[in-house]
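Remarks on the structure that follows.
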Amino acid sequence: MDTSQGRGRPLGLPVWDRCAVMGVVNVTPDSFSDGGRWFDEELAVKHGLDLVAQGADLVDVGGESTRPGAKRVDEAEELRRVIPVVAELASAGVLVSVDTMRAAVAERAVAAGARLVNDVSGGQADPAMIPVVAAAAVPFVVMHWRGQSIDMNNRAVYADVLAEVRDELRAGLDRAVAGGIAPERIVLDPGLGFAKTAEHDLTLLAHLDRLRELGRPLLVAASRKRFLGRVLAGTAGAPPPARERDAATAAVTAIAARERAWAVRVHEVHASADAVRVARAIEGAA
Ligand code: PMM
């Protein structure tokens with residue numbers, strides 16, 4: 001029996017009988033929702049362990065902010081931020097994902113114990129990424145991406161966002177497979193907020209079933225993003241700050257879990273961990 005209830009799962013990771021929860025540890029001074037809070041190795045490791053205690057199934061460690069307008073950090077700095085945190089969490093038994101666009105960071109992180117590579121560019125930013133992931137034989141997240149964060153908002157232009165994101169995700173999947181990554185190891189992600197307006201994000205969330213038709217597990221990363229600020233602000237008000245968007249994030253988690261997303265990527269784990277369990281209980285009763 002398929003215990004994952006049709007949500008699929010990437011080869012090489014455990015099977016959960018519900019949507020998985022990926023907690024976020026940004027080892028950055030400037031991420032848009034939690035920049036600076038965990039910008040210290042010891043604090044970052046402690047935060048990762050806390051997220052697991054709150055119910056995270058995996059912890060995604062990143063050392064480069066991708067918020068709109070962000071400039072790139074250099075590779076040496078990214079390695080310095082990420083590798084010790086990955087190594088410590090992995091040695092504590094945490095299932096670690098590395099959030100990077102750089103092949104060298106992915107390679108070193110896998111050597112340090114990371115079990116999944118999450119590349120927001122889906123292998124487009126660094127031509128060495130796909131060969132490195134193929135050789136490492138680890139699961140790979142291909143996110144929908146139209147270019148670096150510095151000017152991505154200019155690329156939020158679609159005639160039909162759903163069709164275009166689907167086609168571009170399929171092309172990303174094909175590129176990864178052509179480069180030697182086993183299709184069974186690939187996860188797709190609509191890339192909410194990346195070269196997308198709030199309306200684009202909401203349309204994609206309304207049609208996760210259409211993205212699931214691509215035949216790969218889906219990762220949904222709505223946590224604290226701008227579109228939630230826009231929804232909560234209503235027509236006239238100001239959006240609440242990123243850290244006041246966790247209840248809204250958990251609402252997306254419940255919906256994504258019902259839409260059979262493989263996993264959600266969230267900053268605040270507790271509420272999303274509850275949400276995926278409630279969604280699972282409802283599925284079990286259906
Ligand atoms: N978003 C961010 C960072 N990494 N990874 C995936 N797979 N999907 C995303 O949408 C995504 C990501 C940016 O958010 P953050 O700076 O709050 O972590």
Side-chain angles (χ1 to χ4, degrees), residues 2 4-10 16 18-22 66 68 118-122 124 139-147 152-177 183 186-235 239 245 247-266 271-272 275-276 278-280 282-283 286:
D2 178 15
S4 61
Q5 306 248 341
R7 57 177 43 88
R9 57 148 193 132
W16 295 281
R18 53 171 167 74
C19 180
V21 178
M22 175 188 278
T66 50
N118 172 26
D119 178 353
V120 297
S121 83
Q124 296 183 79
F140 185 52
V141 177
V142 172
M143 196 192 81
H144 178 262
W145 186 83
R146 285 186 161 185
M152 68 179 170
N153 287 345
N154 302 335
R155 300 193 191 93
V157 181
Y158 303 85
D160 178 340
V161 66
L162 185 56
E164 288 168 56
V165 168
R166 242 174 85 112
D167 289 351
E168 290 167 34
L169 273 176
R170 185 183 287 115
L173 172 62
D174 290 347
R175 259 194 312 273
V177 172
I186 296 174
V187 172
L188 299 177
D189 178 335
L192 300 173
F194 285 80
K196 293 171 194 80
T197 64
E199 289 69 28
H200 296 143
D201 291 336
L202 292 167
T203 300
L204 291 166
L205 283 171
H207 296 285
L208 289 176
D209 56 329
R210 301 284 313 284
L211 300 179
R212 241 185 27 245
E213 288 167 12
L214 292 168
R216 298 309 311 140
L218 292 183
L219 173 64
V220 174
S223 190
R224 298 181 176 173
K225 284 193 174 161
R226 279 170 302 160
F227 79 97
L228 293 176
R230 282 280 305 283
V231 169
L232 297 176
T235 46
R245 301 175 194 164
T249 300
V252 177
T253 293
I255 290 164
R258 277 299 273 158
E259 289 297 325
R260 285 176 275 159
W262 165 69
V264 290
R265 178 184 180 279
V266 295
S272 283
V276 297
V278 172
R280 173 69 187 96
I282 293 169
E283 275 168 18

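Since this is a predicted model, take the numbers as computed values, not measurements.
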request  = Please step through side-chain contact (heavy atoms from CB on, under 4.5 Å) for the pair R216 and V187, ending with a clear verdict.
outcome  = CA-CA 6 Å; R216 298 309 311 140; V187 172; over 6 Å; no
request  = Under the side-chain contact (heavy atoms from CB on, under 4.5 Å) rule, what do V220 and L205 come out as? Steps first, then yes or no, please.
outcome  = CA-CA 9 Å; V220 174; L205 283 171; 3.9 Å; yes
message = Just so I know, are the side chains of L211 and L188 near enough to count as touching, which here means a heavy-atom distance under 4.5 Å?
response = no
task = For residues L169 and L173, determine if any side-chain heavy atom of one lies less than 4.5 Å from a side-chain heavy atom of the other.
result = no
Student check: side-chain heavy atoms of R166 and H207 closer than 4.5 Å = no
task = Apply salt bridge (charged side-chain N to carboxylate O under 4.0 Å, His left out) to the pair R170 and D167, showing each step before the final yes or no.
result = CA-CA 5 Å; R170 185 183 287 115; D167 289 351; 3.6 Å; yes
query = Looking at A256 and L208, what are the two nearest heavy atoms and their distance?
reply = CA-CD1, 4.1 Å
note = In E168, Q124, R155, the residue satisfying side chain to side chain contact (heavy atoms under 4.5 Å, CB included) with W145 is Q124
ask   = So, do V264 and C19 sit near enough that their side-chain heavy atoms are less than 4.5 Å apart?
value = yes
query = When H200 is tested against each of F227, F194, Y158 for ring pair (Phe, Tyr, Trp, His ring centres under 6.0 Å), which residue passes?
reply = Y158
task = Please test D201 against K225 for side-chain contact (heavy atoms from CB on, under 4.5 Å), starting from the C-alpha separation and ending with a verdict.
result = CA-CA 10 Å; D201 291 336; K225 284 193 174 161; 5.6 Å; no
message = I'd like to know whether R260 forms a salt bridge (charged side-chain N to carboxylate O under 4.0 Å, His left out) with E283, so could you lay out the CA-CA distance, the side-chain angles of the two residues, the decisive distance to 0.1 Å, and finally the verdict.
response = CA-CA 10 Å; R260 285 176 275 159; E283 275 168 18; 5.9 Å; no
inquiry  = Are H144 and L204 packed together at the side-chain level, in the sense that at least one heavy-atom pair is separated by less than 4.5 angstrom?
reply    = no
inquiry  = Using a 3.5 Å distance criterion without hydrogens, assess whether the side chain of R265 forms a donor-acceptor pair with backbone atoms of L219.
reply    = no
inquiry  = Could you measure the distance from the CZ atom of R245 to the CZ atom of R224? Nearest 0.5 Å is fine.
reply    = 9.5 Å
query = So, for L228 and A222, which heavy atoms are closest and what is the spacing to 0.1 Å?
reply = CD1-O, 3.4 Å
key: L218 and D189, any side-chain heavy atoms less than 4.5 Å apart   = no
task = Step through the shown structure and confirm whether more than 12 heavy atoms of other residues, nucleotides or ligands are within 6.0 Å of CZ on R230.
result = no
task = Taking the side chain as every heavy atom from C-beta outward, state whether D119 and M143 have any pair of such atoms under 4.5 Å apart.
result = no
request  = Work out which heavy atom in P10 is nearest to a heavy atom in P217; give both atom names and the distance.
outcome  = N-CG, 3.8 Å
task = Would you check, one step at a time, whether the test side-chain contact (heavy atoms from CB on, under 4.5 Å) holds for V231 with L202?
result = CA-CA 10 Å; V231 169; L202 292 167; 4.1 Å; yes
note = Here the pair of heavy atoms bringing K196 nearest to V165 is CE-CG2, 4.0 Å
note = The reported gap from CH2 in W262 to CZ in R7 (rounded to nearest 0.5 angstrom) is 11.5 Å
